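These notes concern the structure reproduced below.
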Amino acid sequence: MPLNFTFALSQQQTFELRCDYGSRRLDKTELAALINLCEQNYYAQQRDHLPYLTQLGRQLYQWLDGKEGWLRKALDEADEQTIYLDLIQTSEAQGLNPETERVALGLAHLPWELLDDGSGFLIERQNLSVLPVRSVQQRQTQVIGVQNRPLRLLFMATSPEDPRVPPLGFEREEANILQATKDQPLALIVEESGSVAELANLVKSYPEDYFDIFHLTGHGIIYTKKDYGSLLSTGVTLADNTPCFITEHEVGNMQLTTVTDLAKAFRGRWPRVTFLSGCHTGQVPNKGTVPSMAQALVKAGAGIVLGWARPVFDRTGIVAAQALYQALATGATVEEAVKAAQQEMIDQECTDWHLLRMYRDTRPIAELVTALRTRNRERLKFTAPEQEFLDENNQVKVASRFEFVGRRRPLQRCLKALQETSDQIGVFIAGMGGLGKSTLAARLCTRVQMQRSNFARVVVIGPLDEIGLLTKLSNKYERFADVPALLNEPKVSLKGRLQNFFEAIEKKHNQPLLLVLDDFEQNIPVKDGSLRMTAEAYEILGAICAALEENAAESRLIVTCRYLNEDTLPPHRLHLESLATMSSSDIDKICFPLDKEVRQQLRTQKIIHIADGNPRFLKWLLEVIQQPGIAADELLNRLEATEHKFRENILAQTLLDALEPEEQKFLARLSVFNLPVTVEIINAISPSVTSLQKQLSRICHHSPHPAS
């Protein structure tokens with residue numbers, strides 16, 4: 001049984017300590033002195049001094065143990081070395097005088113993690129380490145029990161681009177968590193934006209109780225107007241000593257997030273464990289008179305919340321997270337996992353190991369999932385990629401929101417350019433094939449349309465001509481009789497017609513436009529290396545840019561193109577965004593859903609090297625080498641020795657050779673079509689419907705995405 005100590009408050013505003021061995025009255029003056037000592041020698045220190053820590057731990061131990069020796073007796077008898085400190089009554093007390101209230105709230109402020117019996121810190125014991133847990137909320141509601149499946153972790157990192165905030169290596173923490181759990185299957189869902197608004201959208205996309213853990217990493221602060229007033233957005237006010245987490249606005253700007261903001265994001269659908277991996281998140285502010293962020297989240301509905309009591313080193317946070325999730329994934333209880341994290345921090349010589357705090361309510365939350373070899377344990381299942389497309393005709397397939405990784409900064413920069421208040425009229429996204437230009441364009445459209453639902457979307461793919469563009473726009477707005485007429489006015493220039501068009505759809509019909517020109521490289525005949533577009537495309541793009549600029553239009557333009565040479569563009573006010581290859585941590589996220597055996601194969605590293613940071617090429621390559629009849633090692637050797645620009649040709653030839661002769665003939669027949677056609681037309685060239693379905697299924701399964 002664990003050790004239970006309850007701090008009670010009488011009507012006379014006096015304190016009692018209760019346990020299985022009895023109760024005793026506590027000296028309020030002695031308690032206040034102990035809290036003051038901790039404030040001076042612990043919380044106010046920039047660096048820890050071991051003698052101070054030992055002295056504090058010894059005083060806390062002797063005070064809790066008392067002359068009766070309750071703590072010594074309990075530790076000798078208990079088979080589970082966890083101390084539950086019941087602070088429910090003292091944290092909920094109302095109408096107390098200021099002195100009593102400070103002591104009542106300050107009980108959670110005391111660094112119980114430092115308990116020292118004279119032979120060392122209790123938490124450092126190798127055989128039976130002692131973990132203090134702060135219980136701060138009584139709840140009788142049901143919570144799901146242990147689940148016979150792999151652990152599910154929702155990870156969110158926040159690191160706004162602001163000179164006032166130190167940059168955070170969140171990619172390294174994420175990669176280390178993946179590394180720590182590589183031998184224990186773990187479903188990791190990453191919220192890529194760092195925005196609480198986007199977190200709320202993601203939580204709504206999953207069933208209730210889907211996630212076991214929410215891990216939030218970044219910078220935490222205790223807000224005061226004097227120190228952090230300049231960080232607040234215009235029109236926002238906060239009370240002094242409010243615990244906050246520094247998160248990101250949708251365009252990457254800084255945003256101070258409070259407990260209320262996080263509670264709104266989850267709407268009562270809290271995972272059983274929340275880890276606030278940021279400084280001060282477990283600290284009781286204002287000398288122990290304001291609940292910590294972790295404690296307040298428990299009050300707001302979260303079951304178990306972990307936080308840090310002071311500024312913590314990045315390395316310490318990473319070490320703790322690795323050990324914690326490795327233990328939880330193997331079926332350990334939450335308390336056992338926190339002990340494992342504490343012990344690992346000590347073993348790794350993290351001097352700030354004692355800053356980790358655990359708050360919880362009274363619901364029975366123990367193990368989250370079963371051990372790996374448990375009978376009938378559900379295998380790890382990853383959500384199948386959704387069939388998401390950039391355009392309404394389903395020609396340009398893009399990565400789904402759940403597959404979209406590694407483009408936080410480009411997404412934020414482009415969103416800033418697409419804002420209504422921006423001086424720019426759109427974005428020009430450039431990069432080699434497979435880097436995610438179309439996917440980024442799709443995400444931008446989704447985000448803009450979520451914020452401004454009146455926006456319409458028109459996508460033009462490939463070659464750009466005036467009639468085709470005007471027809472697309474007319475069809476989109478055909479319910480407004482005046483719009484097609486404005487677009488087809490014969491005596492007005494193209495720029496003039498577009499100006500009249502934008503004015504009508506925005507001011508008269510309140511239906512501004514997101515115009516996407518996808519695969520714009522098809523308008524650039526690469527013959528002399530100049531990357532100049534065709535005369536017609538140049539004229540049309542120039543007219544669109546001029547019309548948007550001169551109208552100060554709300555509508556926006558998005559262009560995706562493999563090539564970018566600013567000297568060849570018409571006059572414009574477009575934000576130019578060049579996509580780079582994926583980072584190693586983002587590549588790890590793409591590979592993570594693979595079976596453990598596949599990831600551990602030596603040739604997987606060769607695959608990652610060959611893909612060279614191109615996500616579409618990597619996904620395609622991973623699919624190809626797992627197909628029957630493919631000589632994987634030979635294929636990889638050929639690809640590794642080949643220039644990147646020819647690698648897709650080798651893959652395509654390998655896939656073609658793997659098809660049956662009849663399937664190759666069928667594919668040849670289909671190649672005569674350059675535009676989308678109906679199934680009925682294809683049926684005319686296919687031997688039978690059954691054969692058609694079989695061949696299309698086999699061929700499409702092995703083919704790369706048309707765009708990503």
Side-chain angles (χ1 to χ4, degrees), residues 161 251-252 390 396 406-445 448 458-466 469 493-495 498-499 502 513-582 612-614 616 644-645 707-708:
E161 291 188 305
V251 296
L390 172 61
V396 183
R407 296 300 183 199
R408 176 183 298 193
R409 299 311 183 204
L411 180 65
Q412 291 171 341
R413 288 191 291 267
C414 291
L415 279 172
K416 191 176 294 186
L418 295 175
Q419 284 183 322
E420 189 174 358
T421 55
S422 171
D423 290 333
Q424 293 162 314
I425 53 98
V427 297
F428 191 104
I429 305 169
M432 65 183 295
L435 289 184
K437 300 183 297 297
S438 298
T439 293
L440 180 56
R443 296 284 79 75
L444 289 170
C445 290
V448 170
V458 170
V459 180
V460 178
I461 304 167
L464 188 61
D465 66 89
E466 182 176 325
L469 173 66
S493 68
L494 176 60
K495 187 187 84 169
L498 289 173
Q499 284 184 279
F502 288 128
L513 172 69
L514 276 171
L515 176 59
V516 183
L517 306 181
D518 191 51
D519 279 355
F520 194 77
E521 66 271 6
Q522 295 187 41
N523 297 286
I524 303 175
V526 187
K527 294 180 180 178
D528 56 3
S530 66
L531 299 183
R532 292 179 298 177
M533 63 188 73
T534 63
E536 184 176 17
Y538 183 93
E539 181 183 349
I540 296 171
L541 181 60
I544 296 171
C545 292
L548 288 169
E549 180 178 348
E550 293 181 23
N551 276 34
E554 183 183 354
S555 298
R556 290 292 182 263
L557 172 67
I558 300 174
V559 183
T560 74
C561 184
R562 291 196 179 196
Y563 318 116
L564 174 57
N565 183 344
E566 189 169 3
D567 293 339
T568 65
L569 295 178
H572 66 86
R573 285 219 311 257
L574 292 168
H575 166 71
L576 306 180
E577 184 69 41
S578 294
L579 294 187
T581 56
M582 287 288 192
D612 195 25
N614 189 307
R616 185 174 71 191
H644 184 81
K645 62 183 179 180
S708 65

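Quick note: residue numbers are just sequence positions, from 1. Worth saying up front: this structure is predicted, and the values here are computed from it rather than measured.
Partners of Lys416 under the salt bridge (charged side-chain N to carboxylate O under 4.0 Å, His left out) rule, at least two apart in sequence or in another chain, do not exist in this structure.
In plain terms, the two heavy atoms of Leu464 and Asn523 that are nearest each other are N-OD1, 2.7 Å. For the residue pair Gly426 and Ala417, the shortest heavy atom distance occurs at O-CB, 4.1 Å. Across all non-hydrogen atoms, the minimal contact from Glu536 to Glu466 is OE2-N, 3.3 Å. In terms of heavy atoms, Val516 sits closest to Ala441 at CG1-CB, 4.5 Å. Listed here is the closest heavy atom pair of Pro410 and Leu579: CB-CD2, 3.9 Å.
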Quiz prompt | side chain to side chain contact (heavy atoms under 4.5 Å, CB included) evaluation trace for Leu541 with Leu557 | solution = CA-CA 10 Å; Leu541 181 60; Leu557 172 67; 3.9 Å; yes
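For the pair Leu515/Leu469, a side-chain contact is recorded, criterion being any heavy-atom separation below 4.5 Å from C-beta on. Looking at heavy atoms from C-beta onward, Phe520 lies in side-chain contact with Met533 at the 4.5 angstrom threshold. Counting heavy atoms from C-beta on, the side chains of Leu569 and Leu564 come closer than 4.5 Å. Two residues are said to be in side-chain contact when any heavy atoms from C-beta on lie closer than 4.5 Å; Thr568 and Ile524 fail this criterion.
Under the salt bridge (Lys or Arg N to Asp or Glu O under 4.0 Å) criterion, the residue pairs touching residues 570-579 are Arg413-Glu577, Glu549-Arg573, with sequence neighbours excluded.
In the model, Asp518 has a side-chain atom that pairs as donor or acceptor with a side-chain atom of Thr560 under 3.5 Å.
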